[in-house]
Amino acid sequence: SITLDATPGEVFPWLAQMGTGRAGWYSYDLLDNLGRSSARRVHPEWQVRRAGDQLPAGPISFTASVVDPPRVLVLSYLSPRVAFTLAYSLRHTDQGARLVTRVRARLSIPLGSLVERYLLGPADGIMLRRQLLGLAGRVAGRSGNSGHGDDELS
């Protein structure tokens, strides 16, 4: 979680536009956005607006399971072998908005619990922390992410 110097209503559009080939993930762009810089402004055309909307994530797509602006966004990917959810909750505080995140994964593959514990857990933690810092910088009007150029993602 992180406290952001903005209201939940100012933060939510940044979350609702995430995705590969769209705003990116505000994390390590080389790894999670095919080398493209994550967006540096809000794009209304990229907003997830309702449950069921699709959000591209490389070779897969997340489904927006819960869209409750400006408070909650839950993204999920479910297949016979993978269950993965990303949950974002925004709460108003005296300092701005508190963004609380949760990642859950379940792999129904051989050695799935070991992969979850020793690979996915630590890797998701590193990526998610960078995402929170990237969001903080963008919401505050700073770059917040290494990379050059603007946010044109054709």
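Source: prediction; values computed, not measured.
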Run the side chain to side chain donor-acceptor pair (under 3.5 Å) check on Arg104 and Thr85 step by step: do they pass?
CA-CA 5 Å; Arg104 288 193 176 168; Thr85 60; 5.7 Å; no
Output, in order, the C-alpha distance, side-chain angles, deciding distance and verdict of side-chain contact (heavy atoms from CB on, under 4.5 Å) for Gln95 and Asp5.
CA-CA 6 Å; Gln95 295 81 29; Asp5 187 20; over 6 Å; no
Is there a chain of hydrophobic side chains (I, L, V, M, F, W, Y, each step under 4.5 Å between heavy atoms) that links [X] to [Y]?
{"X": "Leu15", "Y": "Val42", "answer": "yes"}
{"X": "Val103", "Y": "Leu73", "answer": "yes"}
{"X": "Val11", "Y": "Leu128", "answer": "yes"}
{"X": "Val100", "Y": "Phe12", "answer": "no"}

Kindly indicate whether the side chain of [X], heavy atoms from C-beta on, has any atom under 4.5 Å from the side chain of [Y].
{"X": "Ser89", "Y": "Arg71", "value": "no"}
{"X": "Thr7", "Y": "Leu90", "value": "no"}
{"X": "Leu133", "Y": "Tyr26", "value": "no"}
{"X": "Trp25", "Y": "Thr20", "value": "yes"}
{"X": "Leu99", "Y": "Leu132", "value": "yes"}

Donor on one side chain, acceptor on other, Arg98 and Ser1, under 3.5 Å:
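Arg98 vs Ser1: donor-acceptor pair found between side chains.
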If you count heavy atoms of other groups shown closer than 6.0 angstrom to CG of Asp68, is the number above 12?
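Correct, the count exceeds 12.
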Atom of Gly96, atom of Pro8 and distance for their closest heavy-atom approach
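Looking at all heavy atoms of both residues, the closest pair is O-CD, 4.5 Å.
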Nearest 0.5 Å please: distance from the CD1 atom of Ile2 over to the CG atom of Leu135.
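Here the rounded value is 8.0 Å.
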Got a second to check how far Leu4's CG is from Trp14's CH2, nearest 0.5 Å?
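CH2 of Trp14 is found 11.5 Å from CG of Leu4.
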For Ser76, which residues count as a side chain to side chain donor-acceptor pair (under 3.5 Å) partner, sequence neighbours excluded?
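Scan of Ser76 (side chain to side chain donor-acceptor pair (under 3.5 Å), adjacent residues dropped) gives Ser65.
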Sequence neighbours left out, cut at 3.5 Å: what donor-acceptor pairs do the side chains of residues 51-62 make with other protein atoms?
| residue | atom | partner | partner atom | Å |
| --- | --- | --- | --- | --- |
| Asp53 | OD2 | Arg49 | N | 2.8 |
| Asp53 | OD2 | Arg50 | N | 3.1 |
| Gln54 | NE2 | Gly52 | O | 3.3 |
| Gln54 | NE2 | Thr63 | OG1 | 3.1 |

Are the side chain of Gln17 and the backbone N or O of Val48 linked by a donor-acceptor pair below 3.5 Å?
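No.
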Okay, side chain of Asp29, backbone of Ser38: is any donor-acceptor separation there less than 3.5 Å?
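Looks like yes, one N/O pair under 3.5 Å.
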Check the pair Gln131, Tyr88 against side-chain contact (heavy atoms from CB on, under 4.5 Å), reporting the backbone distance first and the verdict last.
CA-CA 12 Å; Gln131 180 184 61; Tyr88 300 89; 3.0 Å; yes
